[in-house]
Number of protein chains: 2
Amino acid sequence: MTVTLADVAARAQVSPATVSRVLNGNYPVAASTRERVLKAVDELDYVLNGPASSLAAATSDLVGILVNDIADPFFGIMASAIQSEIGGPGGRAGGERLAVVCNTGGSPERELTYLTLLQRQRAAAVVLTGGAVEDAPHAAAVAAKLRKLTEAGTRVVLCGRPPAPDTGAVAIAFDNRGGGQRLSEHLIGLGHRRLGYIAGPEERTTTRHRLEGHRAALAAAGISEDPGWTVHGPYDRTSGYEATLELLRRDPSLTAVVAANDSVALGACAALRESGLRIPDDVSVAGFDDLPFSMDAVPALTTVRLPLADAGARAGRIAMGREEPPPGGIATVRGELMVRGSSGGPRRAASA
Amino acid sequence: MTVTLADVAARAQVSPATVSRVLNGNYPVAASTRERVLKAVDELDYVLNGPASSLAAATSDLVGILVNDIADPFFGIMASAIQSEIGGPGGRAGGERLAVVCNTGGSPERELTYLTLLQRQRAAAVVLTGGAVEDAPHAAAVAAKLRKLTEAGTRVVLCGRPPAPDTGAVAIAFDNRGGGQRLSEHLIGLGHRRLGYIAGPEERTTTRHRLEGHRAALAAAGISEDPGWTVHGPYDRTSGYEATLELLRRDPSLTAVVAANDSVALGACAALRESGLRIPDDVSVAGFDDLPFSMDAVPALTTVRLPLADAGARAGRIAMGREEPPPGGIATVRGELMVRGSSGGPRRAASA
DNA sequence: TTGGGGATAGAAAGCGCTTGCTGCGATGCT
DNA sequence: AGCATCGCAGCAAGCGCTTTCTATCCCCAA
């Protein structure tokens, strides 16, 4: 069968306790003994039994990272940054932790199930990324879970996600509202008065905040919004493509399209181009997030850069207890407006 | 303290054994008893202790997915597909498994460490994605680990990665060589005779295979390659940008640039544009993978579509034992040539 | 020489769960 | 009516490790 601690102990002629202590390095062991043990470990090719260890020590070295869509670089970039700080293997020394990312696919149930699974594994920490679903019962369920986790000693950090009051979770939130507002202000400043908005899926904090920012900008400029100017859809390219076609159908006189994120914006660009409209001469386009590919669009996308990697790294450090949580357990980081080629002044007169 | 199985048993007035059996549903329990137990579980808000369970049952419900770069959609898409089949939460019924993705960052050591960590956790299955490092000692170490894993009953599947003989691992490999060859043949067929090639990082199977395909195409057409036509670099946009500038410096008369993947190709496009060259009029560009954003490039990228999601799903199913492994434990899936706007016939005469 | 300490090592008691085996009342068959 | 069977529940023995407490051994001060 598989090699156990006892086998190693026998081979090294010491007690299992000593082997355990050598392996954990948390108790004085004579150098000669240690060597003998290490040699035995090596010769036997011994691998610690994780579950047994976790059970006995009542702790585990698992750290969970929840993402909405692992195929989306938005989450990939954050996850990567978080994981690099978790130390995973290869990180700094000290407890080797197994940083794992779990893909919820944006589904509330899966989110909850993963949380339970992590709770089962007695995870050392959990980082939740991205917007939350705003369904009240679900939010309550998640909050309850988070509270239970923190009470059990699991460190919980929200990254790019609004704070969850009274759960003990630390939050690094993005200022989606402010970013959305500045973005639309930019467009309005350019002279646009008829702006279409392709929002994310409904019932999501991110969607709502960005849209609120947009509307605040419109309101501040005294522009009254036509309800038909807003379309909801998933955060992907296809959604942007279709939504744009729909927007154009509803009001061909739009001079700008603001998208919920960069992928959506790319889809919008494609739709616009296929409709024979030039960007930004006929219609300006704006995205959000500033993912790497955004600067490769032609023209390059005007968007709001979110410090995904920085925020992720910080969240990771906090999760590892290597950085002080922000005061109040809440930090909000701003996005930076990136003005590029896809936005310009409206040139054409409104057409029928 | 936390609620244990025994607490639930006491509350439901049954033995711990019965509670365990209700929870695992692998032993007949009278309906009335089951209900009583479930009620107690609910009232006590009981959560199974994962480590204890894994220890006693000598199995775990962890499934590991190793990726080289989680921020790269290439891996994100595969991981997503794999995970969806693993059943993670929300998948089909049956054993709820915790599918976790581990980011190796392309580092051999981290790959090995993650493998050990998963071995520690007695993972139910492990899926390794993407190209392997070709360093001999490392390859041997990985092979040894894989063998040990399979011997311990962990199902090992390689997805988009060449087979590892004598390890018991099942492989779904991509025909990178064939894809690369067809892609270059396409360009050559268009009339190109001077093609630059931006390869991936050295010592990687994927890099080598794609490059071999390219060279095979050149050879078949009787084109003798200038060593200066090939540049190596990481699989990212920046690399493509810089490599293209370098290629242009070395030989301004190139009429086509073939990139190791789509991200690199995008960087190449940017560099070409900034150099005042039109695509494809002055220089044709080709990528590999056909990631979603490739069709949004302007012009859309000619590339080789790899069935990332299909392969991932299949790997996931095999990992779960829900699909028969291919005969011989090895399957090779082809990529499909996608001809789009970025490639065209060479129009200009070679310039100095 | 002798008692006190410091430094190590071992014994053993679990950690919380799974599962083979046993026990026992109810059912089916002859 | 009598015995084999079946269905369901409990007992208890671990799974492989960590850790508290105890036992040595050795060195040094007194």
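The chains referred to below are lettered A, B, ... by the order of the sequence lines, with proteins before strands, and numbering in each begins at 1. Keep in mind that what you see is a predicted model, and the values were worked out from it rather than measured.
- At C/dG16, none of the side-chain N or O atoms of B/Thr4 fall inside 4.0 Å of OP1 or OP2 (strictly under the cut-off).
- Nearest to the side chain of B/Ser15, among D/dC17, D/dG10, D/dG14, sits D/dG10.
- Of the candidate nucleotides D/dC15, C/dA11, D/dC8, D/dC15 has the atom nearest to the side chain of B/Ala56.
- Remark: C1' of C/dA11 and OH of A/Tyr27 are 12 Å apart, rounded to the nearest angstrom.
- With hydrogens and angles left out, the side chain of B/Arg122 and the base of D/dG16 share no donor-acceptor pair within 3.5 Å.
- Closest to the side chain of B/Arg21, from the set D/dG10, C/dG10, D/dC8, is D/dG10.
- The residue B/Ala30 sits close only to the backbone: its heavy atoms come under 4.0 Å of sugar-phosphate atoms, none of a base.
- A/Thr59 OG1 to A/Arg122 CZ: the interatomic distance, rounded to the nearest 0.5 Å, is 11.5 Å.
- Rounding to whole angstrom units, CG of residue A/Asp7 and C1' of D/dC15 are separated by 14 Å.
- Between B/Thr18 and D/dG10 there is a side-chain polar atom (N or O) within less than 4.0 angstrom of OP1 or OP2.
- A distance of 7.5 Å separates CG of A/Leu48 from CG of A/Asn24, quoted to the nearest 0.5 Å.
- Closest to the side chain of A/Leu55, from the set C/dA9, D/dC17, C/dG16, is C/dG16.
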**A/Lys39/A/Glu43 under salt bridge (charged side-chain N to carboxylate O under 4.0 Å, His left out): CA gap, chis, key distance, verdict** = CA-CA 6 Å; A/Lys39 182 151 163 287; A/Glu43 291 170 349; 3.2 Å; yes
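- For C/dT8, the base has no donor-acceptor partner in the side chain of A/Arg36 [N/O atoms by modelled type, under 3.5 angstrom].
- Side-chain proximity of B/Leu5 to the nucleotides D/dG16, C/dT18, C/dA11 is greatest for C/dT18.
- Following rounding to the nearest Å, A/Leu23 (CG) and D/dT18 (P) show an atom-to-atom distance of 7 Å.
- A/Asn49 places its CG atom 5 Å from the P atom of D/dC17, with the value rounded to the nearest Å.
- Distance from the side chain of B/Thr33 is smallest to D/dA9 among D/dA9, D/dC17, D/dG16.
- Whole-Å rounding puts the B/Asp61 CG to C/dT18 C1' distance at 14 Å.
- Of the candidates B/Val37, B/Leu38, B/Thr33, B/Val19 forms a side chain to side chain contact (heavy atoms under 4.5 Å, CB included) with just one, namely B/Val37.
- You'll find that the side chain of A/Asn26 is closest to D/dT19, out of D/dT19, D/dA12, D/dG16.
- Nucleotide C/dA9 holds its P atom 13 Å from the CD atom of A/Gln13, rounded to whole Å.
- Dashed line: the shortest gap from a side-chain N or O of A/Asn24 to OP1 or OP2 of D/dC17 is not under 4.0 Å.
- Comparing D/dT19, C/dT18, C/dC15 by their closest approach to the side chain of A/Ala57 singles out D/dT19.
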